[in-house]
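Report on the following structure.
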Amino acid sequence: MIMTKQDYLLYLTADRIALGETRISPRWFGDEIWKFQRLLRKAEYLKNCKSGLFWQLYYQYVQFKRHYLGIFLGLSIPLNVFGPGLSIVHYGTVIVNSGAVVGANCRIHGCVNIGSQAGNVTQAPVIGDNVYIGPGAKLFGTIKIADGIAIGANAVVNKSFFERNITIAGMPARKISERGAGEYVIDALAAAKLQVASA
């Protein structure tokens with residue numbers, strides 16, 4: 001969670017690296033996903049770290065921009081859910097419950113739903129670091145997903161997986177391979193720490 005300005009800069013850098021961007025800031029036209037992620041991080045920083053009337057008004061402005069860009073992109077992602085190094089691969093419906101907790105270096109595709117257990121809006125998945133979530137995957141309930149897991153396209157994950165660095169897929173999901181998410185996920189957080197430290 002972003003709790004200081006240093007955290008904010010680290011998250012911005014890690015997200016940029018995870019998205020494969022080499023520029024310092026998004027282009028005027030295009031780069032909408034990157035713009036959304038930057039607004040997400042700015043809103044998190046303002047909510048968690050700033051107080052006072054001016055900052056609250058600025059926070060509302062940033063939230064307004066993030067909300068409408070999210071509608072355009074099909075992204076419903078609440079604040080303070082994803083760790084640094086988030087990579088949203090492309091436009092498309094991504095719905096995430098505000099009770100979910102997702103670690104660093106998550107790569108997520110379109111048509112993904114990370115939801116709560118039926119009847120309880122706060123009981124949502126806890127997902128580790130370096131996790132790849134394929135197109136159309138559905139994760140719901142009070143489940144835990146270990147570090148380094150690759151979740152296949154259209155998987156329905158309704159139980160916990162504690163073994164690291166495996167691939168799960170199917171409806172319901174089950175382990176299908178010993179290969180994890182390593183080839184799909186960039187360790188953007190480690191690279192960002194080096195860049196921020198040397199800046």
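For this chain, numbers begin at 1 and follow the sequence in order.
Contact between L86 and L19 at its shortest, heavy atoms only, is O-CG, 4.2 Å. Considering every non-hydrogen atom in both V96 and V81, the closest pair reads CG1-CG1, 3.8 Å. Counting all heavy atoms, side chain and backbone alike, C49 lies closest to T4 at SG-N, 3.6 Å. When every heavy atom of G85 is checked against every heavy atom of A14, the shortest pair comes out as N-CB, 3.4 Å. Here the shortest heavy-atom pairing between V157 and A173 reads CG2-CB, 3.8 Å. Contact record, G115 with P125: O-CD, 3.1 Å, taken as the closest heavy-atom pair.
Between the side chains of D129 and N105, no donor-acceptor pair of N or O atoms lies under 3.5 Å. Side-chain contact check for Q37 and R66: no donor-acceptor pair (N or O, by modelled atom type) lies under 3.5 Å. In summary, the side chains of K42 and Y58 do present a donor paired with an acceptor at a separation below 3.5 Å, with no hydrogens or angles considered. Looking at Y8 and E44, their side chains never bring a donor and an acceptor atom within 3.5 Å of each other. Side-chain polar atoms of D147 and N165 form no donor-acceptor pair below 3.5 angstrom.
For T167 (side chain) and R179 (main-chain N/O), a donor-acceptor pair under 3.5 Å exists by modelled atom type. Distance alone, capped at 3.5 Å, places no donor-acceptor pair between the S87 side chain and the V89 backbone. Remark: the backbone N or O of K144 is paired with a side-chain donor or acceptor of S160 at under 3.5 angstrom. N113 places no side-chain N or O within 3.5 Å of a backbone atom of K138 that could act as its donor or acceptor partner. A donor-acceptor distance shorter than 3.5 angstrom exists from the side chain of K35 to the backbone of G30, with no hydrogens or angles considered.
Of the inter-residue distances, the one linking S76 atom OG with N97 atom CG reads 9.5 Å to the nearest 0.5 angstrom. To the nearest 0.5 Å, the span separating CZ on R23 from CZ on R16 amounts to 10.0 Å. Between the CZ atom of R38 and the CG atom of L69 there is a distance of 12.5 Å, given to the nearest 0.5 Å. Interatomic distance, OH of Y91 versus CZ of F72, reported as 5.0 Å (0.5 Å rounding). The CD1 atom of I2 lies 6.0 Å from the OH atom of Y11; values are rounded to the nearest 0.5 Å. Note: L79 CG to K47 NZ = 5.5 Å, rounded to the nearest 0.5 Å.
Of the charged side-chain nitrogens involved, at least one lies within less than 4.0 Å of a carboxylate oxygen, so that R27 and D31 count as a salt-bridged pair.
Two residues are said to be in side-chain contact when any heavy atoms from C-beta on lie closer than 4.5 Å; I168 and R174 fail this criterion. Side-chain contact between E32 and W34 is absent, with no heavy atoms from C-beta onward closer than 4.5 Å. The closest side-chain heavy-atom distance from N48 to N80 is below 4.5 Å. No side-chain heavy atom of V131 sits less than 4.5 Å from a side-chain heavy atom of V185. Inter-residue side-chain proximity for I114 and I133 is flagged as met; some heavy-atom pair is nearer than 4.5 Å.
Cluster annotation: Y132 and L139 are assigned to distinct hydrophobic clusters (Ile/Leu/Val/Met/Phe/Trp/Tyr, side-chain heavy-atom contacts under 4.5 Å, transitive). Residues I151 and V156 are members of separate hydrophobic clusters, defined by side-chain heavy-atom contacts under 4.5 angstrom among Ile, Leu, Val, Met, Phe, Trp and Tyr. Cluster annotation: F36 and I17 are assigned to distinct hydrophobic clusters (Ile/Leu/Val/Met/Phe/Trp/Tyr, side-chain heavy-atom contacts under 4.5 Å, transitive). Both V62 and F54 belong to a common hydrophobic cluster when Ile, Leu, Val, Met, Phe, Trp and Tyr are linked at side-chain heavy-atom distances under 4.5 angstrom. I77 and F140 fall into different hydrophobic clusters, where Ile, Leu, Val, Met, Phe, Trp and Tyr are joined by side-chain heavy atoms under 4.5 Å apart, directly or via other members.
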- From CA spacing to verdict: side-chain contact (heavy atoms from CB on, under 4.5 Å), L75, I95: CA-CA 6 Å; L75 305 175; I95 300 171; over 6 Å; no

- Query: So E163 and F161, side-chain contact (heavy atoms from CB on, under 4.5 Å) or not? Walk me through it.
  - Reply: CA-CA 6 Å; E163 185 179 353; F161 288 86; over 6 Å; no

- Message: What verdict does the salt bridge (charged side-chain N to carboxylate O under 4.0 Å, His left out) test give for D15 and R41, after you've listed the backbone C-alpha separation in whole Å, the side-chain angles of each residue and the deciding distance to 0.1 Å?
- Response: CA-CA 9 Å; D15 286 359; R41 299 314 189 185; 2.7 Å; yes

- Task: For Y59 and Q63, run side-chain contact (heavy atoms from CB on, under 4.5 Å): C-alpha distance rounded to whole Å, both residues' side-chain angles, the deciding distance at 0.1 Å, then the answer.
- Result: CA-CA 6 Å; Y59 166 72; Q63 278 285 69; 3.2 Å; yes

